[in-house]
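Everything quoted here is computed from the prediction, not taken from an experiment. All chains are named by letter (A, B, ...) in the order of the sequence lines, taking the proteins before the strands, and each is independently numbered beginning at 1.
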There are 2 protein chains.
Amino acid sequence: MSEFGMSAEVESPCHYRRALEVVSSKWTVLVFYELEFGKRRYSDLKRRVEGVTQKMLTQTLRQLERDGLVVRHVYPTVPPTVEYELTPLGLTLIEPMRVLHQWTDAHYDSVRQARMAFDQENA
Amino acid sequence: MSEFGMSAEVESPCHYRRALEVVSSKWTVLVFYELEFGKRRYSDLKRRVEGVTQKMLTQTLRQLERDGLVVRHVYPTVPPTVEYELTPLGLTLIEPMRVLHQWTDAHYDSVRQARMAFDQENA
DNA sequence: CAGCATCCCCCTTGATACTG
DNA sequence: CAGTATCAAGGGGGATGCTG
């Protein structure tokens, strides 16, 4: 369990910092994007989120579940079926995420160019 | 330089993922919040961003500079004066950040409670 | 299918010391 | 003041193998 980074709430001075941990992982955000469109099975998520390992996917989903953003539905079939879905709380995050998403679409080229220029000068 | 995580643009399949690296660090976001209100000296930032080491602060500022979100102004005084300021591109990120910030204020208590409940059940 | 367990490496971060 | 340099430690994350 220590590998899951669910540290026992050590009080941090800054409120925002801990709040931002909610979305600070790249996998978190990418998984979240997939769940915006409805419930998804574990294997679907694994297929759709490119490059994620099952370890990181599971870890990310547990994190989201712990934060109350995602519910896990287990259906007692053989083989097992597990679906993940945004909670009402999770739904409230869609809009902020969408705004960030739009910024990305609009300005990422500028970031790329800035990076290239920076790397050029500091060669 | 390898310590600075400025890897040489290995092409990743997902576009969003790389874009999100721009804001995915907690220090990045916290430093960014400080700069929303105008230019700040290095020592000011170090004082205001609680818990950041000078190494991480420098690293974060370089990252933001490389991404074109921040400019670094050096004044040839003794002792040296260095100010950091958002660029026009950086300014466009304020609104998305603010939205995220507001979500944090509105819902972080819910997240806290969800975590406590989750940890209770999985004791 | 949907995971948990382990091993292991490397990268990030912290700590410390030094400088223009 | 505003950094850079170096070293050491820790943990995040990949790879692999196993299960209900």
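In this structure, H73(B) places its NE2 atom 16 Å from C1' of dA2(D), rounding to the nearest Å. In this structure, NZ of K46(B) is placed 11 Å from P of dA2(D), rounded to the nearest angstrom. The distance between atom CG of L57(B) and atom P of dG14(C), rounded to the nearest whole Å, is 12 Å. Taking atom CZ of residue R48(A) and atom C1' of nucleotide dA2(C), one finds them 18 Å apart after rounding to whole Å. Atom-to-atom, CD of Q63(B) to P of dG3(D) comes out at 15 Å; the value is rounded to the nearest Å. Distance OH (Y42(A)) to P (dC1(C)): 12 Å, rounded to an integer number of Å. One interatomic measurement links the two molecules: CG of L45(A) to P of dA2(C), which rounds to 9 Å at whole-angstrom precision. Rounded to whole angstrom, the span from the CD atom of Q59(A) across to the C1' atom of dC4(C) amounts to 12 Å.
Hydrophobic clustering keeps L30(A) apart from V99(A) (ILVMFWY residues linked when any side-chain heavy atoms are closer than 4.5 Å, directly or through intermediates). Taking hydrophobic clusters as Ile, Leu, Val, Met, Phe, Trp and Tyr residues chained together by side-chain heavy-atom distances below 4.5 Å, V74(A) shares a cluster with L35(A).
R47(A) has no side-chain polar atom (N or O) that falls below the 4.0 Å cut-off from OP1 or OP2 of dA2(C). T81(B) has no side-chain polar atom (N or O) that falls below the 4.0 Å cut-off from OP1 or OP2 of dC1(D). Of the side-chain N and O atoms in R72(A), one or more sit less than 4.0 angstrom from OP1 or OP2 of dG3(C). In terms of phosphate contacts, R41(B) brings a side-chain nitrogen or oxygen within less than 4.0 Å of OP1 or OP2 of dA2(D).
Side-chain proximity of S43(A) to dA2(C), dA2(D), dG3(D): nearest is dA2(C). Relative to the side chain of K55(A), the nucleotides dG13(D), dG3(C), dA15(C) differ in distance, and dG13(D) lies closest. Relative to the side chain of T58(B), the nucleotides dC7(D), dG13(D), dT4(D) differ in distance, and dT4(D) lies closest.
Applying the salt bridge (charged side-chain N to carboxylate O under 4.0 Å, His left out) test to pairs two or more places apart or on separate chains, those with a residue in residues 67-77 of chain A are D67(A)-R115(B).
D109(A) has no carboxylate O lying under 4.0 Å from a charged side-chain N of R112(A), or vice versa, which leaves the two without a salt bridge. By the 4.0 Å N-to-carboxylate-O rule, E34(A) lies close enough to R48(A) to be salt-bridged with it.
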So which protein N/O to nucleotides 17-20 of chain C N/O distances come out below 3.5 Å?
{"from": "dA17(C)", "atom 1": "N6", "to": "Q54(B)", "atom 2": "NE2", "distance (Å)": "3.4"}

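A distance-only check finds a donor-acceptor pair linking the side chain of T87(B) to the backbone of G68(B) [under 3.5 Å].
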Original post:
What's the verdict on side chain to side chain contact (heavy atoms under 4.5 Å, CB included) for V71(B) and E65(B), showing C-alpha distance, side-chain angles and the deciding distance?
Top reply: CA-CA 6 Å; V71(B) 241; E65(B) 196 190 354; over 6 Å; no
**OP:** Walk me through it: do W27(B) and L57(B) pass the test side chain to side chain contact (heavy atoms under 4.5 Å, CB included)?
**Re:** CA-CA 7 Å; W27(B) 295 124; L57(B) 180 56; over 6 Å; no
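No donor-acceptor contact under 3.5 angstrom links the side chains of Y42(A) and T81(A), judged on distance only.
Nucleic acid contact for Y84(B): sugar-phosphate only, since backbone atoms but no base atoms lie under 4.0 Å from a heavy atom of the residue.
Helix-axis bend for the helix from dC1(C)-dG20(D) to dG20(C)-dC1(D): the local axis fitted to the five terminal pairs at one end deviates from that at the other end by 60°, rounded to 10°.
Ring centroids of H73(B) and Y84(B) are separated by 6.0 Å or more, keeping the two rings apart.
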